[in-house]
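Here's the structure we're looking at; comments come further down.
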Amino acid sequence: MIWPRPGLGPRLRDGQWERASPPAPRSGPAPRRAGGPGTASAPGTAPGTASAPGGHRERHRERHRDRHRDRHRDRHRERPHDGRVAGYVRGGAGGPLLSQSLVPPPGPGHHHRRAPGSDGGSGQTLLHVPYGDGDEEKLDIYFPTEPSETFPALVYIHGGYWQCMSKDDSGFAAPPLVSQGVAVVAVGYDIAPKGHMDTMVLQVRRSLAFLAERYPRIRGIYLCGHSAGAHLAAMVLSTDWTEFQVVPDIKGAVLVSGLYDLEPILHTYVNDALNMSREVAQRNSPMRLVTSAAPAACEVLVAVAQHDSPEFRRQSQEYSQALRAAGWSVSVLDLAGVDHFDVIERLSEDSYVLTQVILNMISRA
């Protein structure tokens, strides 16, 4: 069984920070952003660096888009797809489903599948489980290979600069976790330009409220987000759950190579699709929303790649310091020898440091 892997994000190459590819080519020159010639071109770019104008900017974006596409394609060539394509898992016919005490009866619009685990065993998978009425408001749930009466769940929130990727690219981390009794839940949300930043944050929060209500056998939710997904996971930590009439049992958060202050991206091409105002960026910046830790506050791990851009590393350090100053239990993990891609892609490996750290966090609860 081959699980899809992510393939989008900024990385350090030959000492220079490469911008993540935009979601799609434009039909004409990209609009110039306010801020004049001194406007930064992307997070991590030195202040005062001019954005590439007109056609040159389009060629620059197209070159990086092609590079990221080729990298993603080459990684999949290493292990051809034989099970999960466009969000579906192909399994053998028949076979028992999990006990109905563990898995509620399927509702309209989602599917039962049996998904092979990394050890050759089989675990129950539910695809496209709706947590709301929107087209993208769905979950893929990978249950443990041998589930106990209750079990923890890792809720994975994909990255892609809030405008690329989907939950269908997010099952790569499941095999080493489901084999250890941990469910993995991949969250779908409306990416830009359809999705507004406020909408994405609300959708992720609602998905967790749904899990808490629908799956009472889950004991302990562990958030895990990468890049833009780390930002959304961090926003969950500031949620006032009273308006949702349920409090998810969040015991841990693993924030991988995230952005926690959105203002630096306002005048970059990343905001072309997001179309955020300064007010929107500020109210959706976790750095501005850090509050004193409650007695039951979860454990937080802030992870960063050695070859992440300076901006990702700076924001990770400053956000972890802000949380610690507010009384949160925070650990920082600086992962050597990986870039913005590898730092999350390697969660598919049983022996990867971050995989083991996550399992250790769960086992301590």
Side-chain angles (χ1 to χ4, degrees), residues 6-72 158-166 169 189-201 225-232 257-285 305 307-315 339-341:
L8 182 71
R11 63 193 298 247
L12 198 66
R13 187 180 182 88
D14 300 330
Q16 298 297 316
W17 187 81
E18 294 183 345
R19 294 184 291 180
S21 57
R26 293 179 178 273
S27 56
R32 297 290 295 273
R33 287 268 158 202
T39 301
S41 59
T45 305
T49 302
S51 297
H56 175 72
R57 181 181 182 186
E58 285 300 302
R59 290 192 297 273
H60 182 76
R61 294 166 68 168
E62 184 175 346
R63 181 171 68 252
H64 285 297
R65 180 170 58 247
D66 292 344
R67 181 175 295 166
H68 286 297
R69 180 195 62 205
D70 293 343
R71 176 184 171 94
H72 191 52
H158 70 83
Y161 270 146
W162 304 275
Q163 54 200 279
C164 300
M165 311 296 286
S166 76
D169 305 303
Y189 57 91
D190 286 322
I191 58 175
K194 178 182 178 181
H196 187 271
M197 185 61 71
D198 291 329
T199 302
M200 296 182 224
V201 171
H226 171 244
S227 194
H231 159 265
L232 294 172
S257 296
L259 287 170
Y260 310 106
D261 178 5
L262 301 189
E263 284 198 69
I265 71 173
L266 284 176
H267 302 300
T268 74
Y269 74 80
V270 174
N271 200 35
D272 288 350
L274 294 170
N275 196 30
M276 287 190 299
S277 65
R278 185 170 302 278
E279 180 183 5
V280 170
Q282 289 178 347
R283 70 168 174 257
N284 287 292
S285 289
H307 301 301
D308 262 325
S309 76
E311 180 70 3
F312 279 93
R313 293 180 61 84
R314 179 188 69 81
Q315 290 206 21
D339 61 18
H340 195 80
F341 295 96

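Scope of the values below: all heavy atoms of this structure, side chains included, with no hydrogens, waters or symmetry mates. Worth saying up front: this structure is predicted, and the values here are computed from it rather than measured. Along the sequence shown, residues carry numbers from 1.
The two residues Ala228 and Gly160 make their nearest non-hydrogen contact at CB-N, 4.3 Å. A pairwise comparison of heavy atoms in Gly258 and Ala230 identifies CA-CB, 3.5 Å as the closest pair. Here the closest non-hydrogen pair linking Asp308 and His340 is OD1-ND1, 2.7 Å. Residues Ala192 and Ala273 approach most closely at CB-O, 3.7 Å, considering heavy atoms.
Note: Met165 CE to Tyr189 OH = 9.5 Å, rounded to the nearest 0.5 Å. Note: Gln163 CD to Asp272 CG = 8.0 Å, rounded to the nearest 0.5 Å. Rounding to the nearest 0.5 Å gives a distance of 11.0 Å between OG of Ser227 and NE2 of His158. A distance of 11.5 Å separates OG of Ser309 from CG of Asp339, quoted to the nearest 0.5 Å.
With contacts defined as side-chain heavy-atom distances shorter than 4.5 Å, the pair Ile265/Met276 qualifies. Side-chain contact between Met200 and Leu274 is present, with heavy atoms from C-beta onward closer than 4.5 Å. Side chains of Val201 and Leu232 form a contact here, defined as non-hydrogen atoms less than 4.5 Å apart. Under the 4.5 Å side-chain criterion, counting only non-hydrogen atoms from C-beta, Ser257 is in contact with His226.
For Gln282, the side chain to side chain donor-acceptor pair (under 3.5 Å) partners are Glu263, not counting sequence neighbours. By the side chain to side chain donor-acceptor pair (under 3.5 Å) test, Asp261 pairs with no residue at all, sequence neighbours left out.
Trp162 pairs with exactly one of Val270, Ile191, Asp190 by the side chain to side chain contact (heavy atoms under 4.5 Å, CB included) rule, that one being Val270.
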Practice prompt. Could you walk me through whether Asp198 and Arg283 pass side chain to side chain contact (heavy atoms under 4.5 Å, CB included), step by step?
Written response: CA-CA 9 Å; Asp198 291 329; Arg283 70 168 174 257; 2.5 Å; yes
Item to complete: With side chain to side chain contact (heavy atoms under 4.5 Å, CB included) as the test, would you mind laying out the steps for Val280 and His196 before giving the verdict?
Response: CA-CA 9 Å; Val280 170; His196 187 271; 3.8 Å; yes
Worksheet item: Can you list the steps and then say if Tyr260 with His231 is a ring-ring contact (aromatic ring centres under 6.0 Å, His included)?
Response: CA-CA 6 Å; Tyr260 310 106; His231 159 265; 7.8 Å; no
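Between the side chain of Asn271 and the backbone N or O of Leu266, at least one donor-acceptor pair lies under 3.5 Å. Judged by distance alone, with hydrogens and angles left aside, the side-chain atoms of Ser285 form a donor-acceptor pair with the main-chain N or O of Leu262 at under 3.5 Å. Looking only at distances, a side-chain donor or acceptor of Arg313 sits under 3.5 Å from a matching main-chain atom of Ala305. Judged purely by atom type and a 3.5 angstrom limit, Thr199 has no side-chain atom pairing as donor or acceptor with the backbone of Gly195.
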